[in-house]
Structures are given as structure tokens and as C-alpha cells.
Engineer: 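Have a look at the structure that comes next, please.
Residue numbers begin at 1 in each chain, while the letters A, B, ... track the order of the sequences. Everything quoted here is computed from the prediction, not taken from an experiment.
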Protein chains: 2
Amino acid sequence: MKIDATDRKILSELQRDAAQSLDEIAKAVGSSKTPVWNRIRKMREAGIIGAQTVVLDAEALGFEATFFVLIRTSEHEADWQRRFLHALQARPEVQEAHRLAGDIDYILKVRVKNARAYDAFYQALISEVKVHNVTALLSMEQIKETTALPL
Amino acid sequence: MKIDATDRKILSELQRDAAQSLDEIAKAVGSSKTPVWNRIRKMREAGIIGAQTVVLDAEALGFEATFFVLIRTSEHEADWQRRFLHALQARPEVQEAHRLAGDIDYILKVRVKNARAYDAFYQALISEVKVHNVTALLSMEQIKETTALPL
DNA sequence: CGCCGAGGCGGGAAAATTTCCTATGTCTAT
DNA sequence: ATAGACATAGGAAATTTTCCCGCCTCGGCG
């Protein structure tokens with residue numbers, strides 16, 4: 001599927017505020033309801049537009065600690081990797097996980113209520129899968145957060 | 001503002017799918033339209049519920065490279081910090097930025113079209129603000145991604 | 001050069017949803 | 001037990017989404 005400038009403007013508006021009405025989006029992109037609706041429908045079908053969610057205030061809900069966890073492992077067999085992956089998927093405090101190129105094998109972003117909760121998470125993880133080396137970076141302050149792609 | 005179990009269920013539903021109708025949410029949390037609507041309104045006013053956005057398929061839109069950037073700096077004056085912060089805010093490829101405790105001072109999550117675009121970003125950044133040491137971790141594969149908090 | 005077909009566009013109408021009001025119910029503290 | 005504070009259900013009005021239809025534009029083709 002190909003995306004033109006109008007599609008990009010629509011995506012940009014949706015990222016800014018997905019609760020807008022079609023009329024508002026249409027006005028913002030300089031078109032009218034129906035074409036905008038058709039484009040959104042097509043992009044949804046193509047999987048370019050995925051789920052619609054809300055941004056919550058993590059601090060207000062008691063999630064006051066964010067850690068980035070750098071993981072090195074000596075195990076690289078398929079079985080180990082599968083178990084590791086499942087462990088991450090199953091733990092809701094893991095907000096993001098990437099397999100990396102180079103020296104460090106994995107990075108996790110972990111959101112928890114406090115440092116104690118992080119330790120509980122850490123103990124549970126290393127008891128499930130063997131890892132060679134773990135470094136935790138504690139966030140003092142979130143300077144920027146956005147999910148918006150620059151279109 | 002205090003949050004009870006019903007509020008948490010509502011938030012959970014909204015995180016799962018913010019496009020649901022009030023009736024659907026009400027059914028899911030075992031209540032009816034109006035109370036759900038009032039609770040959502042109050043949580044919005046309190047800032048617990050923030051913006052509503054869509055999740056886009058970054059790969060399909062040509063953003064194929066994600067880097068985590070670890071930054072050490074020798075400068076810790078207020079002025080340097082302010083300039084650094086502004087530089088990050090101004091760059092749309094920076095999706096996330098944290099000030100850290102310990103050895104490493106900052107971590108960034110940077111999303112770009114390709115490695116070349118990362119290099120352009122990197123050159124631009126270090127020409128704006130002086131940093132002591134930069135390590136870039138390239139993501140090979142995003143194993144997990146969610147913004148949902150475990151309520 | 002004109003014609004034809006495909007596809008996007010705008011208007012509008014029906015269905016669904018949100019928003020808001022009112023009356024009723026429930027829980028707590030004294 | 002009772003008053004007060006607050007949450008709830010139902011429903012009505014306004015807004016929004018969804019979808020249908022006729023029109024216009026733009027490409028290729030005779």
C-alpha cells in the first residue's frame with residue numbers, strides 16, 4: 001500500500017489526537033469526511049493504523065520508577081531464547097524489549113512502583129532464565145516521551 | 001484524586017482499546033454508561049487520562065531503525081542542561097529521553113529511517129551540545145512493545 | 001481530439017454514540 | 001434510624017460515524 005501526502009497528514013492528526021471527529025480531521029487536512037474516512041479505513045485494513053489507546057499518567061497511578069535493563073547472555077540457543085522471550089511477554093512491568101546488535105544482547109524498559117518492585121522483578125527473571133550480566137539504569141526524570149513518528 | 005477498582009478496570013479497557021463505545025466499556029466493567037462516563041470525565045480533568053492516540057506501524061512507514069543512545073557528559077551546569085533538553089525536544093526522531101542516576105547520564109530512544117539518518121541525527125546533536133561519550137545500541141528486533149500499565 | 005472507465009470526492013441520510021439531565025438508590029457517619 | 005453525600009440507571013437531545021449515491025477528474029485508448 002502506498003501512502004501519499006494526504007494520508008500522512010491524516011496520520012499526523014490521528015497521532016496528535018485520535019478522539020477528533022472526522023469533520024475536524026477533514027478540515028485540518030483540507031478535505032471532507034468521506035475521503036478521509038475511506039483513507040483511514042484502508043490504512044486500518046492494511047495494518048498501518050493499529051490500536052487506539054490513551055496515555056495515562058504513570059506517576060499518578062503509582063508507577064514511580066522506570067529502569068532500563070541492559071542484558072548480556074552467554075546462551076544463544078533457540079530454546080533459551082524462546083524461554084527468555086516468553087518470560088518477557090508474560091511480565092507486564094516490561095514495557096519494551098529489544099534484541100540488540102553488538103556487545104549487549106538485550107535492552108528492556110521496565111516500569112514499576114518502586115525500587116523494591118524492580119528487585120522482585122529482577123529476582124524472578126534471573127530465576128527463570130540464566131543471564132550472564134545485567135546492568136540496570138534508573139531513570140531520575142523522563143525528559144521526553146512521544147510515540148509520534150515524524151511524518 | 002483517588003482511584004478505585006472500577007476506575008482501574010475502566011483505565012484498563014481504555015488502554016486495551018480507546019475506540020470502544022461507552023456501552024461496551026460499561027458492560028466490560030459491569031456498570032452502565034453514565035457512571036463510566038462521569039469517571040472518565042473526572043480522570044481526564046485530573047490529568048490521569050491524557051491524550052488519545054493511535055499506534056502506527058513504524059516499519060510500514062519507513063522507520064526501520066531504532067537506536068538506544070547512552071550519553072555521558074562532563075558538563076552539568078544548568079545552562080548546558082537546558083540547551084541539551086531543548087535540542088532533544090526539538091528533534092522528532094527522539095521518541096524518549098531520560099536523565100539517569102549513576103554512571104551514564106542520559107538515555108535516548110531514537111527512531112529513524114535507516115543508519116544513515118541516525119548518523120545525521122548524531123552529527124547534528126553533537127554539534128549543538130558537547131557530550132563526553134556516546135554509545136549507540138542498535139535494535140535488531142523489537143520483541144515487545146506496550147504502553148499499557150498493569151493496573 | 002474526444003471517449004471511456006476507474007477511482008476519488010462531496011453531499012446527505014440512517015444508524016450509532018456521546019453527552020447531559022433527572023430521579024432513584026446506596027453507603028457512611030453520627 | 002436518618003440525613004447527607006455520592007454513585008447509578010434510564011432516557012432524550014445533539015453529535016458523530018457509517019455508508020450510499022451521483023459527480024467530477026484523470027489516465028489510457030481508439
Engineer: For this output row, return yes or no: ring centroids of B:F84 and B:Y106 closer than 6.0 angstrom.
Structural biologist: yes
Engineer: So, do B:Q52 and A:Q52 sit near enough that their side-chain heavy atoms are less than 4.5 Å apart?
Structural biologist: yes
Engineer: Which parts of residues 46-57 of chain A get close to DNA chain C, meaning a heavy atom less than 4.0 angstrom away?
Structural biologist: none
Engineer: Separation of A:R44 atom CZ from D:dC19 atom C1', in whole Å?
Structural biologist: 15 Å
Engineer: Heavy-atom count around A:K144 NZ within 6.0 Å, excluding the residue itself: above 12?
Structural biologist: yes
Engineer: Under 4.5 Å between any side-chain heavy atoms of B:L88 and B:L125, yes or no?
Structural biologist: yes
Engineer: Output the residues of residues 21-41 of chain B in contact with DNA chain C, where contact means a heavy atom of the residue under 4.0 Å from an atom of the strand; sort by number or write none.
Structural biologist: B:S21, B:L22, B:K33, B:T34, B:W37
Engineer: Let me know the distance between CG of A:L14 and P of D:dT17, rounded to the nearest Å.
Structural biologist: 11 Å
Engineer: Output a table of donor-acceptor pairs, distance under 3.5 Å, between side-chain atoms of residues 110-120 of chain B and any protein atom two or more places apart or on a different chain; print 'none' if there are none.
Structural biologist:
from, atom 1, to, atom 2, distance (Å)
B:N114, OD1, B:R116, N, 3.2
B:N114, OD1, B:A117, N, 2.8

Engineer: A:Q15 versus A:L151: any side-chain heavy-atom pair under 4.5 Å?
Structural biologist: yes
Engineer: Would you check if A:K33 and A:D23 make a side-chain contact, meaning some heavy-atom pair closer than 4.5 Å?
Structural biologist: yes
Engineer: Would you call B:E96 and A:Q142 a side-chain contact if the rule is heavy atoms closer than 4.5 Å?
Structural biologist: yes
